[in-house]
A.B. asks: 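The following block contains the structure, expressed as structure tokens.
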Protein chains: 4
Amino acid sequence: MPRQARAAETVAAILEAAAQILESDGLATFTTNAVAERAGVSIGTLYQYFGDKNAVLLALARQELAAALAEVTRALQGEVDPTVEGRVRAMIRAMIHAFRGRQRARKAVVQAILAQGLGIELMAPVASFIATASAAIGSGPEAKLPGLSSQQLFVLSRSALGVIRAAVLEEQPFLRSRGFEDELVRMVVAYLGAIIAAADSGPGRTRA
Amino acid sequence: MPRQARAAETVAAILEAAAQILESDGLATFTTNAVAERAGVSIGTLYQYFGDKNAVLLALARQELAAALAEVTRALQGEVDPTVEGRVRAMIRAMIHAFRGRQRARKAVVQAILAQGLGIELMAPVASFIATASAAIGSGPEAKLPGLSSQQLFVLSRSALGVIRAAVLEEQPFLRSRGFEDELVRMVVAYLGAIIAAADSGPGRTRA
Amino acid sequence: MPRQARAAETVAAILEAAAQILESDGLATFTTNAVAERAGVSIGTLYQYFGDKNAVLLALARQELAAALAEVTRALQGEVDPTVEGRVRAMIRAMIHAFRGRQRARKAVVQAILAQGLGIELMAPVASFIATASAAIGSGPEAKLPGLSSQQLFVLSRSALGVIRAAVLEEQPFLRSRGFEDELVRMVVAYLGAIIAAADSGPGRTRA
Amino acid sequence: MPRQARAAETVAAILEAAAQILESDGLATFTTNAVAERAGVSIGTLYQYFGDKNAVLLALARQELAAALAEVTRALQGEVDPTVEGRVRAMIRAMIHAFRGRQRARKAVVQAILAQGLGIELMAPVASFIATASAAIGSGPEAKLPGLSSQQLFVLSRSALGVIRAAVLEEQPFLRSRGFEDELVRMVVAYLGAIIAAADSGPGRTRA
DNA sequence: AATGAATGAGCCTTCATTCAT
DNA sequence: AATGAATGAAGGCTCATTCAT
């Protein structure tokens with residue numbers, strides 16, 4: 001399969017070039033021509049593999065997202081603290097450290113994805129992943145986590161992601177700090193606890 | 001002050017036109033020429049008041065943000081329910097219903113602001129507002145809310161805003177539903193409770 | 001005549017503002033609005049006194065040109081060296097030092113005048129002045145200068161002006177140097193000498 | 001090299017279109033869109049080869065300047081008349097007839113170049129050319145022309161160019177007349193003679 | 001006389017995408 | 001499969017000028 005190997009190399013080169021441009025110059029200079037040039041291929045070749053500009057962005061985002069989810073899976077399967085907090089922390093830590101440290105590229109990708117309205121498609125795999133993961137989280141020693149409603153799943157995932165996303169977009173220096181991680185964990189664990197408590201006392205009532 | 005009144009009218013007309021265009025057609029047709037035409041002024045007049053296209057978007061965002069914060073303030077002063085949950089619910093409800101029901105325009109503005117990297121400046125007033133508001137929330141009958149750290153403030157505000165923002169961007173139909181509001185309130189209240197509990201048992205430790 | 005005095009003040013303020021803007025920022029920022037603002041008058045007032053943008057430029061150029069010609073006249077009437085060279089030198093020196101030392105403004109005015117094709121009207125007074133002056137130059141002790149043909153007048157005036165103009169446009173540092181003045185004088189005097197020699201030996205023949 | 005040949009054709013077509021538009025309509029209608037259309041290429045193609053509007057003008061000016069200098073060189077090598085006057089006349093005639101007779105285009109280019117302050121860069125090759133040429137002129141049978149100082153070179157070149165430039169800008173009908181050429185030659189030859197005389201009698205003194 | 005908000009024609013320029021080679 | 005010259009729709013923006021107040 002020399003053909004496919006070559007093609008995979010080209011695609012990888014394009015995605016790497018895209019990430020580099022986003023990392024160094026942001027969205028402003030992220031043009032298809034610039035990406036092709038940086039990747040060392042012609043613009044025509046780029047369009048051989050990607051239908052349009054957004055497809056490059058989407059592929060990059062998907063690649064990094066998949067890597068992050070794989071990392072989360074790995075973290076959960078590792079011999080981490082099997083308590084709810086331990087598992088939540090593992091997930092959050094993986095999410096915080098996604099995109100291999102390229103914060104500027106990550107910011108640019110998030111901006112582009114949101115601006116293009118592509119966030120919806122990207123969130124679908126996240127949502128199903130979270131659903132699965134929440135079951136795993138709730139299967140531990142302390143586990144009593146009921147099945148989560150779709151809105152609970154939404155609030156749970158978007159609150160954590162939203163905080164991380166905001167930190168990335170605002171370039172908050174504390175993004176990778178322990179204190180920030182602690183607070184995120186506290187928030188998620190508290191919310192999970194509240195959901196369990198509500199399920200115990202009866203559905204439909206909100207309890208502080 | 002006929003001068004200033006006239007100018008204010010013109011500016012208001014431009015912002016209203018901008019909102020209308022965003023609401024009906026989204027970012028794609030949001031051009032300065034289109035905005036000026038819809039506003040009934042010449043393109044030159046638009047540029048008399050706004051330095052460039054982004055300035056229009058930013059002004060619109062600021063206007064709606066200020067309106068939302070004012071609404072939150074009003075809701076808090078309404079004293080509907082002086083409990084923590086009551087106050088949190090009032091705030092969240094105001095945030096959910098911001099932008100006078102123009103969900104598409106809201107989405108477009110959020111997209112544009114984020115894409116332009118202007119989210120940072122817009123969050124500044126929100127942060128200081130939340131800091132003040134959290135003090136107010138903690139001053140009720142059940143009050144034991146300690147002063148919040150800047151990272152706690154960040155997590156608190158961005159988690160709620162992030163969830164609402166995601167719902168707006170993903171055009172979730174349940175945005176204005178009671179169930180969604182309930183979950184948001186549950187999350188915020190639970191997190192506040194966890195902060196209080198942590199403050200009681202000693203700083204620096206995260207408790208589930 | 002308070003009316004006229006006021007008007008003269010306004011006109012002067014506008015011309016001064018124009019010169020200042022040209023001196024500090026060049027042609028790029030020379031807009032009617034900028035001139036009016038710098039002059040402390042409204043744009044409407046500017047148009048009360050000047051028909052259009054070019055009129056401001058032309059008035060400024062005419063003012064400085066008149067000052068330069070007056071200076072030349074003064075120089076010739078002064079007790080300068082009454083030889084041809086002395087008189088030529090006096091004229092050239094006055095031309096070099098025109099525009100009161102505002103070299104950038106001078107450059108900008110020259111650029112603008114040339115670019116607008118207004119050079120023709122400005123050269124008319126210069127031509128007639130030179131014609132008169134050449135007669136005066138030829139009326140000295142060594143005088144045998146014949147009446148000059150229109151083409152000779154043209155070459156005579158444009159060669160000297162052209163050299164100075166080029167030095168101004170190219171911002172040559174030697175513009176005000178003695179050596180540069182010497183060369184200009186040498187050129188003009190040599191040409192005058194050649195014209196006389198040709199007239200002596202018979203019209204229509206060119207002699208080295 | 002079909003690639004490069006195609007590109008050269010395109011560039012040539014654009015420059016030719018630019019010259020035609022300047023010749024027929026002047027600077028007013030010289031827009032990049034008009035040039036591209038006249039050249040039979042898209043506006044995008046124009047910008048593929050020229051960074052901006054000015055670059056087109058500059059390239060046209062450089063092309064014509066190079067052609068004129070080549071023509072001067074050819075004239076000097078033609079050895080029509082090896083005397084100083086003969087050589088000077090050959091040079092001046094070539095300069096007068098530069099721009100292939102397109103007087104209006106020439107005027108427009110000169111205006112644009114001067115207005116943009118690009119005259120400086122365009123004069124650099126002229127200066128070095130004149131320096132070389134003056135040595136060639138002085139190498140004939142009557143030759144005693146000393147090495148010229150940079151200021152002498154400046155006055156020599158700019159006086160001739162300045163007169164021609166003025167004639168072009170003022171659209172003087174006598175530009176191509178024999179009498180005008182005679183006067184220019186007379187001026188230049190006289191100045192060269194004065195330089196030689198001054199060099200003979202001792203440097204630093206100006207002689208009438 | 002003065003003000004300055006308003007006008008609007010129209011230019012320059014970008015960049016995603018195509019397709020002949 | 002790759003190339004890259006060419007395309008062209010479309011939009012942001014300037015600034016000289018007007019005129020109602």
A.B. asks: Restricting to side-chain hydrogen bond (donor to acceptor under 3.5 Å, both in side chains), what partner residues turn up for A:Thr31, sequence neighbours left out?
C.D. replies: none

A.B. asks: Determine: side-chain N/O of B:Ser42 to OP1/OP2 of E:dA6, distance under 4.0 Å, yes or no.
C.D. replies: no

A.B. asks: Using a cut-off of strictly less than 4.0 Å between a heavy atom of the residue and any atom of DNA chain E, enumerate the qualifying residues of residues 51-61 of chain D by number.
C.D. replies: D:Asp52, D:Lys53

A.B. asks: Hey, does the side chain of D:Tyr47 come within less than 4.0 Å of E:dC15's phosphate (OP1/OP2), counting only N and O?
C.D. replies: no

A.B. asks: Which residues within residues 10-22 of chain C lie with some heavy atom under 4.0 Å of an atom in DNA chain E?
C.D. replies: none

A.B. asks: So if I take residues 30-37 of chain B and measure heavy-atom distances to DNA chain F, which residues fall below 4.0 Å?
C.D. replies: B:Phe30, B:Thr31, B:Thr32, B:Asn33

A.B. asks: What are the two closest non-hydrogen atoms of D:Gln116 and D:Asn54, and how far apart are they?
C.D. replies: CG-ND2, 3.0 Å

A.B. asks: Could you state the interatomic distance from CD1 (A:Ile113) to CG (A:Leu65), rounded to the nearest 0.5 Å?
C.D. replies: 9.5 Å

A.B. asks: As a check on the pairing definition, encode DNA chain E in dot-bracket form, counting Watson-Crick and G-U wobble pairs whose two distances are under 3.5 Å, and using | for partners outside this strand.
C.D. replies: .||||||||||||||||||||

A.B. asks: If I compare all heavy atoms of B:Ile21 with all of B:Phe30, which pair ends up nearest, and what's the gap?
C.D. replies: CG2-CA, 4.0 Å

A.B. asks: Yes or no on salt bridge (Lys or Arg N to Asp or Glu O under 4.0 Å) for A:Arg100 and A:Glu16, after CA distance, side-chain angles and deciding distance?
C.D. replies: CA-CA 12 Å; A:Arg100 288 172 291 167; A:Glu16 174 60 21; 5.0 Å; no

A.B. asks: Whole Å only: how far is the CD atom of B:Glu9 from the C1' atom of E:dA6?
C.D. replies: 14 Å

A.B. asks: Measure the shortest side-chain to side-chain distance between B:Phe50 and B:Val11 over non-hydrogen atoms and say whether it is less than 4.5 angstrom.
C.D. replies: yes

A.B. asks: Can you tell me the distance, in whole Å, between the CZ atom of A:Phe50 and the P atom of F:dA2?
C.D. replies: 12 Å

A.B. asks: By side-chain hydrogen bond (donor to acceptor under 3.5 Å, both in side chains), which residues pair with C:Glu37, not counting sequence neighbours?
C.D. replies: none

A.B. asks: Could you say whether C:Ile43 or B:Leu46 is positioned toward the 5' end of DNA chain E, judged by the nucleotide with the nearest heavy atom to each?
C.D. replies: C:Ile43

A.B. asks: Nearest-nucleotide wise, let me know which of D:Gln48 and A:Gly40 is further upstream toward the 5' end of DNA chain F.
C.D. replies: A:Gly40

A.B. asks: Roughly how far, to the nearest 0.5 Å, is the CD atom of A:Glu64 from the CZ atom of A:Arg106?
C.D. replies: 9.5 Å

A.B. asks: Is there a side-chain contact between A:Arg38 and A:Gln20, using heavy atoms and a 4.5 Å cut-off?
C.D. replies: yes

